[in-house]
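Structure first, commentary second.
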Amino acid sequence: FLAALDQCLRQMDREANDSVEGYPTGLAWYGGHREPEKKRPRTECCWSQRLKELLPSRGFSTEAEVPYPGRNCKKKCDSVSEL
């Protein structure tokens with residue numbers, strides 16, 4: 001899994017080689033790459049969504065933004081992968 005995750009993160013970093021309003025994106029501001037139209041791009045959510053797209057092709061079923069168990073819990077786990 002770690003090797004697959006490393007490959008995905010490296011791919012994401014290569015993809016995000018553009019700049020938005022003069023700021024480089026890369027992994028540190030991946031949201032700026034994926035959601036350039038938004039005033040406040042959601043980097044963490046964008047990471048989760050892209051990993052959900054990339055990891056299955058490397059053999060790991062992945063879901064993004066998965067709610068934690070519990071009726072009153074509004075928080076979400078960024079990414080859940082089956083190992």
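Everything numeric here is computed off the predicted structure, so don't read it as measured data.
When every heavy atom of Ala64 is checked against every heavy atom of Ser48, the shortest pair comes out as CB-O, 3.6 Å. Taking each heavy atom of Asn17 and Thr25 in turn, the nearest pair found is N-OG1, 4.2 Å. Considering all non-hydrogen atoms of both residues, Cys8 and Leu51 come closest at CB-CD2, 3.7 Å. The minimum heavy-atom distance linking Glu35 with Cys46 is given by the pair CD-SG, 3.5 Å. What you find for Thr43 and Gly31 is that their closest heavy atoms are OG1-N, 3.1 Å. Of all non-hydrogen atoms in Leu54 and Arg58, the two that sit nearest each other are O-NH1, 3.4 Å.
Put simply, OG1 on Thr62 and CD on Gln49 are 11.0 Å apart, with the number rounded to the nearest 0.5 Å. Leu55 contributes atom CG, which lies 12.5 Å from atom CD of Glu82 (distance to the nearest 0.5 angstrom).
Under the 3.5 Å distance criterion, the side-chain polar atoms of Trp47 are left unmatched by any main-chain donor or acceptor of Met12. Between the side chain of Asp13 and the backbone N or O of Gly26, no donor-acceptor pair lies under 3.5 Å. Between the side chain of Glu44 and the main chain of Asp78, no donor-acceptor pair closer than 3.5 Å is present.
There is a side-chain donor-acceptor pair under 3.5 Å between Glu15 and Gln11.
Residues Ser79 and Glu63 are not in side-chain contact: their nearest non-hydrogen atoms beyond the backbone lie 4.5 Å or more apart. Looking at Val66 and Lys76, their side chains never come closer than 4.5 Å, going by heavy atoms from C-beta outward.
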Take Glu65 and Lys52 through the test salt bridge (charged side-chain N to carboxylate O under 4.0 Å, His left out) and record every step on the way to the result. CA-CA 10 Å; Glu65 302 297 314; Lys52 178 184 175 179; over 6 Å; no
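A salt bridge between Arg34 and Glu53 is present, with a side-chain N of the basic residue lying under 4.0 Å from a carboxylate O of the acidic one.
Grouping the Ile, Leu, Val, Met, Phe, Trp and Tyr side chains by contacts below 4.5 angstrom, directly or via other members, places Val80 apart from Phe60.
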